[in-house]
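Here is the structure we will look at.
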Protein chains: 2
Amino acid sequence: MLSEALRGHLDALILAVLEGEPLHGYAVMEALQVRSGGTLDLPTGSLYPALRRLERSGLLESEWSTVGGRRRRTYRLTSAGGRALAAERTEWRSFAAMVDGVLGAGPEPAAD
Amino acid sequence: MLSEALRGHLDALILAVLEGEPLHGYAVMEALQVRSGGTLDLPTGSLYPALRRLERSGLLESEWSTVGGRRRRTYRLTSAGGRALAAERTEWRSFAAMVDGVLGAGPEPAAD
DNA sequence: CAACATACGTAGCTGAGCTACATGTAGGCA
DNA sequence: TGCCTACATGTAGCTCAGCTACGTATGTTG
């Protein structure tokens, strides 16, 4: 369904699922699948680098733990991450409004 | 305002402004500025290659003309372009709905 | 033991959009 | 006359986010 469309919006989605509670990478992947209604099936090669990028940017911080013999890296929003998320939400809304405006409803001519 | 956000959506916007009437490149640029409420200020280095790409894909066709001593390349939607635009509109809607769904309204906790 | 889910990660490619530049005409203005 | 701006088109080259395709390791199930 999506490929390049996601560009520039993935960060917002990741931050959003981490807003409520800290999650480890694999859980973020599952949360995105659930919250998108199964539409968003993010490959690990997209998710993990994105998480590390967000951490490097200071929007996330992580902590290792071991559960059932498996190492987990749990990510949590920083305060900067929270602010970034708010900004991304605003940006998304104006972007979506812009696209909606340009795309229009369809072939119907605008009321002149 | 936007940069990477546009990725994968620009084609739809271009096709949309060409839906009503054929326009030459520069006019497409201005039409996008107007229809986006001044938000979308597309550099020529983005627009012209995009137009040529869309023509190569068969979604647009072009014709040269000279107006006031200046050469213009006027693009018009092909029937394939019309179909592509309809598809892009649908895709955009489901994509936007997906993002809206994942982003949520904000920090308010969902009704439990 | 094989296969699968869980869990993490990187190397390398792709490609759309951007920056920066080049080209040329028409018109305003000093 | 020269300069700047608007009009009009175009390319070379960079960037870098997301994807493909790997590799590693553990726990569980058949």
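Values in this document were obtained by computation on a predicted structure and should not be read as measured data. The figures that follow rest on heavy atoms only: side chains count, while hydrogens, waters and symmetry mates do not. By convention in this document, chain letters (A, B, ...) are assigned in the order of the sequence lines, proteins followed by strands, and residues within each chain are numbered from 1.
Comparing C:dC8, C:dA16, D:dG18 by their nearest atom to the side chain of A:Thr44 picks out C:dC8. When each of D:dA17, C:dA7, D:dA6 is scored by its nearest atom to the side-chain atoms of B:Tyr26, the top-ranked nucleotide is D:dA6. Relative to the side chain of A:Glu30, the nucleotides C:dT6, D:dG10, C:dT10 differ in distance, and C:dT6 lies closest. Closest to the B:Arg7 side chain, of the nucleotides D:dT9, C:dA16, D:dC16, is C:dA16.
Under the 30°/60° scheme for interplanar angles, the aromatic rings of B:Phe95 and A:Trp92 are found to stand perpendicular.
For the pair A:Leu23 CG and C:dC8 C1', the computed distance is 16 Å after rounding to whole Å. Note: CG (B:Leu47) to P (D:dA8) measures 13 Å, nearest angstrom. B:Glu55 has its CD atom 13 Å from the C1' atom of D:dT9, to the nearest Å. Atom NE2 of A:His24 and atom C1' of C:dC8 are 10 Å apart (whole Å). In this structure, the CD atom of A:Gln33 is 13 Å from the P atom of C:dA7, given to the nearest Å. Atom CE of A:Met29 is separated from atom C1' of C:dA5 by 10 Å (rounded to the nearest Å). Note: CG (B:Leu51) to P (D:dT11) measures 11 Å, nearest angstrom. As a whole-Å value, the separation of A:Tyr48 OH from D:dC22 C1' is 15 Å.
B:Thr66 places no side-chain N or O within donor-acceptor distance of the main-chain N or O of B:Arg71, the cut-off being under 3.5 Å.
For the contact set between residues 62-76 of chain A and DNA chain C, defined by any heavy atom under 4.0 Å, the members are A:Trp64, A:Arg70, A:Arg71, A:Arg72, A:Arg73, A:Tyr75.
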